[in-house]
Amino acid sequence: MAQWCQLQMLDSKYLEQVDQLYDDSFPMDIRQYLSKWIESIDWDTVAVQDSLATVRFHDLLAQLDDQHSRFALENNFLLQHNIRKIKRNLQDRFQEDPVHMAMIISRNLKEEQKILDNAKSTEREGDGAVLAMVVEKQKLDNKVKEMRDRVQVVDQNIKNLEDLQDEYNFKVNTLKNRENEMNGMTAKELEKEKMIVARMCFELKGKRQDVVNQLSDLLNVTQALLSDLISEELPEWKQRQQTACIGGPPNACVDQLQNWFTAVAESLQQVRQHLKKLQELEQKFTYESDPITQKKGFLEARALDLFKNLLSNSLVVERQPCMPTHPQRPLVLKTGVQFTVKLRFLVKLQEFNYQLKVKAVFDKDVTEKKGFRKFNILGTNTKVMNMEESNGSLAAEFRHLQLKEQKVAGNRTNEGPLIVTEELHSLSFESELQLNQSGLNIKLEALSLPVVVISNVCQLPSGWASILWYNMLTTEPKNLKFFLSPPPAKWCQLSDVLSWQFSVTNRGLNQEQLNMLADKLLGVKAQRNPEGLIPWTKFCKQSANEKSFPFWLWIEGILDLIKRHLLSLWNDGSIMGFISKEREKFLLSDKCPGTFLLRFSESSKEGAITFTWIEHDMHDKPIFHSVEPYTKKELGAVSLPDIIRTYKVMAAENIPENPLRFLYPNIPKDKAFGKYYPKPSETPEPMDVENTEKSGYMKTELISVSEVHPSRLQDNMMPMSPDDYKALEQYVSPRDIDAVVSPVLHGSEHLKTEAPSLRVFIGLFSPPLVESIKHTSYHQKTSSCC
């Protein structure tokens with residue numbers, strides 16, 4: 001299998017690593033469209049030969065032209081546009097240096113192979129759950145094969161039985177006719193023919209008994225397989241669906257489940273056909289103690305019961321109720337907003353196409369409770385199931401359902417025992433299937449997972465917390481009173497669920513981050529015990545660490561902050577995020593000055609991010625500084641990479657400087673964030689070539705500036721370079737220079753009063769001030785020592 005195809009089959013954590021290999025210099029689109037061609041070239045050789053690199057560069061452009069032509073035939077205007085843009089960018093970047101492009105491709109292919117090898121070794125070391133699932137699937141496949149083989153054997157034996165019975169009937173009739181003829185057989189010949197007919201009768205009875213026994217054995221095998229499917233596989237699939245709903249691994253096994261259910265249904269249909277055939281044979285010939293006569297009714301009833309049991313468990317909710325506006329948060333529905341839900345009938349038989357009419361019912365059989373809200377379903381609440389063109393499955397999708405609360409007299413607010421976001425409701429689906437062969441009607445019902453109904457979008461975070469808690473701790477779909485006494489969650493359960501919430505951004509939480517959250521929820525004394533219990537109230541109701549908001553709302557604010565402003569930085573691992581201040585100091589303490597890390601603020605409900613950096617005083621003692629956290633409002637005006645790029649620390653009357661040099665552990669700042677810096681815009685050509693006067697405006701740039709005490713800069717002033725000193729001597733005498741520098745070297749605090757002209761010239765030759773010499777607008781941040 002091609003390397004690119006193998007990569008696309010990996011888990012999201014590996015795909016995240018692949019994503020980091022590609023950027024605008026060589027976009028992933030090229031890797032996708034030209035994967036076969038790229039993998040057919042020896043790029044290691046190309047990367048060391050200029051002439052060959054030039055040839056391959058033009059070959060790649062030709063390949064892009066071919067791809068553009070294919071998109072043109074498909075009338076795909078957007079992809080045509082993208083290919084043209086990619087080609088222009090490649091020409092701009094690599095036309096003069098095709099070797100550089102070859103080196104990028106060579107490096108990426110090697111890194112891809114490393115990711116593949118790592119994924120394979122991890123699988124070998126042991127995802128036991130996955131291995132167990134594969135083994136279990138193989139067992140069921142083998143049982144299905146055994147069942148089908150037995151069906152074929154019975155089918156062939158019934159044909160043989162029919163042939164033998166026809167031959168027996170022919171022999172019997174022939175013998176009777178010859179006995180009645182005038183010139184009949186001799187007594188010896190007649191005796192011989194009777195012996196032959198008697199042996200055939202004995203053989204016929206034996207084969208009848210064999211076929212009946214084989215049908216009974218086949219039904220035993222089918223019943224065992226059906227029991228496995230209904231008692232084990234179907235509940236496990238539903239449990240995996242629960243996990244997928246709250247962000248866990250995707251549940252993609254419904255097609256396999258459908259194949260198994262359909263195989264059992266087909267086999268039972270064939271058994272019923274076999275029994276009809278035996279009935280026909282019985283009508284032509286029977287005898288005392290005929291096994292067909294004795295067992296036919298029992299076998300028919302058993303086959304029908306199995307078939308009814310299979311069908312009554314075949315209606316499932318394939319996709320749980322979800323608002324299209326919030327696809328990653330199913331089971332939370334807002335009144336007046338459309339939601340979708342999809343059903344599937346796992347028995348895919350053509351005879352059921354357009355035969356099933358499904359009706360959606362809200363809160364069916366729910367006993368009326370005081371304060372419990374009631375809702376009506378608006379929109380088309382009935383659908384006919386039909387075969388889908390894409391995969392042939394028998395399905396029905398409700399796309400335009402809405403909920404409207406029933407108005408009740410009085411004030412409901414304080415009547416109910418639960419708040420709105422803890423109220424659980426059910427959505428059920430009913431249908432009826434008529435079996436024409438037997439005239440029986442089979443009642444079908446499927447139940448969605450419990451839903452939370454909100455009336456305002458601000459209730460969505462709390463509603464989602466309820467969905468997380470319920471589906472983490474129970475598999476019972478009808479326990480609508482769950483939150484009257486919600487059980488606590490173990491940390492080993494909750495840690496997975498929390499990490500899944502961040503996996504929506506393609507990067508879950510690592511162990512370091514989970515450790516910080518464990519300490520926050522369990523307390524440091526619990527030592528992150530996997531069996532430690534977290535009450536529902538501490539997760540979603542009580543304030544966390546004496547703050548004025550619960551733990552979950554803090555997490556929710558950070559998730560929203562990431563999705564809106566920090567997604568790329570989070571996914572590439574630049575943000576450490578969840579780390580305590582004590583751990584932060586420990587990690588930075590042995591790093592060089594200017595090393596910083598990014599963490600989320602613990603004091604902001606709406607989500608905020610800060611950075612902390614280390615410096616050393618004149619005694620080489622580490623000093624830590626944290627900037628006031630940046631919120632969504634500020635990050636909406638200036639991106640975090642831009643803030644880090646232009647950030648300045650300024651003491652009164654001193655030169656602003658950027659203290660940020662290395663992203664933890666030791667990545668140069670511009671290397672870590674350079675790809676996110678704004679690209680320098682090209683100067684537009686004036687429309688009037690004869691009038692080239694400038695507009696008169698000076699460009700502006702937003703920067704962040706923190707004010708600190710001047711003594712901080714005195715302790716850390718960098719020595720002047722020889723070139724700066726030589727240039728400075730042209731304007732200031734050596735005596736004035738000594739007058740300012742000498743007190744600084746001796747720890748004096750007279751810098752702000754002596755030789756003010758000197759400070760101006762130092763600023764003019766200081767790179768930080770040269771950067772700031774443009775007209776700038778800035779907002780001040782307060783730096784605090786930790």
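The backbone N or O of Q138 lies less than 3.5 Å from a partner atom in the side chain of N142, making a donor-acceptor pair. Between the side chain of Q241 and the backbone N or O of E318 there is at least one donor-acceptor pair closer than 3.5 Å. Listed for the Q513 side chain is a donor-acceptor partner under 3.5 Å among the backbone atoms of M576. Looking at N658, its side chain does come within 3.5 Å of a backbone N or O of R645 through a donor-acceptor pair. Judged purely by atom type and a 3.5 angstrom limit, N456 has no side-chain atom pairing as donor or acceptor with the backbone of Q459. A donor-acceptor distance shorter than 3.5 angstrom exists from the side chain of S69 to the backbone of D65, with no hydrogens or angles considered. In terms of modelled atom types and a separation under 3.5 Å, the side chain of S106 and the main chain of M103 share no donor-acceptor contact. T54 places a side-chain N or O within 3.5 Å of a backbone atom of D50 that can act as its donor or acceptor partner. T646 contributes a side-chain N or O that, together with a main-chain N or O of D642, makes up a donor-acceptor pair within less than 3.5 Å. E634 contributes a side-chain N or O that, together with a main-chain N or O of T631, makes up a donor-acceptor pair within less than 3.5 Å.
Here the side chains of V18 and W4 are in contact, with some heavy-atom distance below 4.5 Å. In this structure, the side chains of I86 and P27 come closer than 4.5 Å at one or more pairs of heavy atoms. Taking the side chain as every heavy atom from C-beta outward, T340 and P324 approach each other to under 4.5 Å. Side-chain contact check for P321 versus L331: some heavy-atom pair is nearer than 4.5 Å. The shortest side-chain heavy-atom distance between K357 and T382 falls under the 4.5 Å cut-off. I38 places a side-chain heavy atom less than 4.5 Å from the side chain of I105. Contact check for I562 versus I558: side-chain heavy atoms found under the 4.5 Å cut-off. The shortest side-chain heavy-atom distance between L79 and Q67 does not fall under the 4.5 Å cut-off.
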Test side chain to side chain contact (heavy atoms under 4.5 Å, CB included) applied to L234 and V316, step by step
CA-CA 9 Å; L234 186 57; V316 297; 3.9 Å; yes
Determine whether V332 and V451 satisfy the following criterion, side chain to side chain contact (heavy atoms under 4.5 Å, CB included), listing intermediate values before the conclusion.
CA-CA 6 Å; V332 181; V451 300; over 6 Å; no
Pair K110-D44, side chain to side chain contact (heavy atoms under 4.5 Å, CB included): steps then yes or no:
CA-CA 10 Å; K110 291 176 181 175; D44 290 344; 3.3 Å; yes
Go through it in stages, so that I can follow the logic: the residues are L90 and L60, the test is side chain to side chain contact (heavy atoms under 4.5 Å, CB included), and I'd like the CA-CA distance, side-chain angles, deciding distance and then a yes or no.
CA-CA 10 Å; L90 287 179; L60 188 144; 3.5 Å; yes
Could you please spell out the steps behind the ring-ring contact (aromatic ring centres under 6.0 Å, His included) verdict for F596 and F662?
CA-CA 6 Å; F596 65 99; F662 301 100; 8.9 Å; no
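If you check the side chains of W260 and D141, you find a donor sitting under 3.5 Å from an acceptor. Q113 and D117 share a donor-acceptor pair across their side chains, judged by distance under 3.5 Å alone. For the residue pair Q91 / R88, no side-chain donor-acceptor distance below 3.5 Å is found, with atom types taken as modelled. In the model, Q3 has a side-chain atom that pairs as donor or acceptor with a side-chain atom of E112 under 3.5 Å. A donor-acceptor pair shorter than 3.5 Å can be found between the side chains of Q258 and R344. For the residue pair Q501 and W464, a side-chain donor N or O sits within less than 3.5 Å of a side-chain acceptor on the partner. Y677 and D670 share a donor-acceptor pair across their side chains, judged by distance under 3.5 Å alone.
Rounded to the nearest 0.5 Å, atoms OH (Y630) and CG (L561) are 13.0 Å apart. Distance check, rounded to the nearest 0.5 Å: CG of L569 to CD1 of I575 gives 5.0 Å. R240 contributes atom CZ, which lies 8.0 Å from atom CG of L257 (distance to the nearest 0.5 angstrom). Interatomic distance, CD of E397 versus CE of M385, reported as 11.0 Å (0.5 Å rounding). Atom CZ of F611 and atom CG of L598 lie 8.0 Å apart (nearest 0.5 Å). In this structure, NZ on K87 lies 12.5 Å from CG on N89, to the nearest 0.5 angstrom.
Closest non-hydrogen pair, L449 versus Q320, comes out as N-OE1, 2.9 Å. Here the shortest heavy-atom pairing between N386 and N353 reads CA-OD1, 3.0 Å. What you find for L401 and T380 is that their closest heavy atoms are CD2-O, 3.1 Å. For the residue pair E266 and L349, the shortest heavy atom distance occurs at CG-CD2, 3.7 Å. The shortest heavy-atom contact between A446 and V317 is CB-CG2, 4.2 Å. Summarising the geometry of D42 relative to T45, their closest heavy-atom pair is OD2-OG1, 2.6 Å, with the distance given to 0.1 Å.
The side-chain hydrogen bond (donor to acceptor under 3.5 Å, both in side chains) test with H68 is passed by exactly one of H81, R84, Q63: R84.
Around NZ of K675, the count of heavy atoms belonging to other residues, nucleotides or ligands within 6.0 Å exceeds 12. Atom CZ of R564 has 12 or fewer heavy atoms from other residues, nucleotides or ligands within 6.0 Å. By the neighbour-count criterion of 12 heavy atoms within 6.0 Å, atom CE of M387 is densely surrounded, having more than that number from other residues, nucleotides or ligands.
Taking the six-membered ring for Trp and thresholds of 30 and 60 degrees, F94 and F57 have ring planes more than 60 degrees apart, a perpendicular arrangement. Using the six-membered ring where Trp is involved, F398 and F429 have ring planes that are tilted, between 30° and 60° apart. Under the 30°/60° scheme for interplanar angles, the aromatic rings of Y33 and F71 are found to stand perpendicular.
Taking a cutoff of 4.0 Å between a charged side-chain nitrogen and a carboxylate oxygen, E39 and R31 qualify as a salt bridge. A salt bridge does not link K563 to D560: none of the charged nitrogens lies less than 4.0 Å from a carboxylate oxygen.
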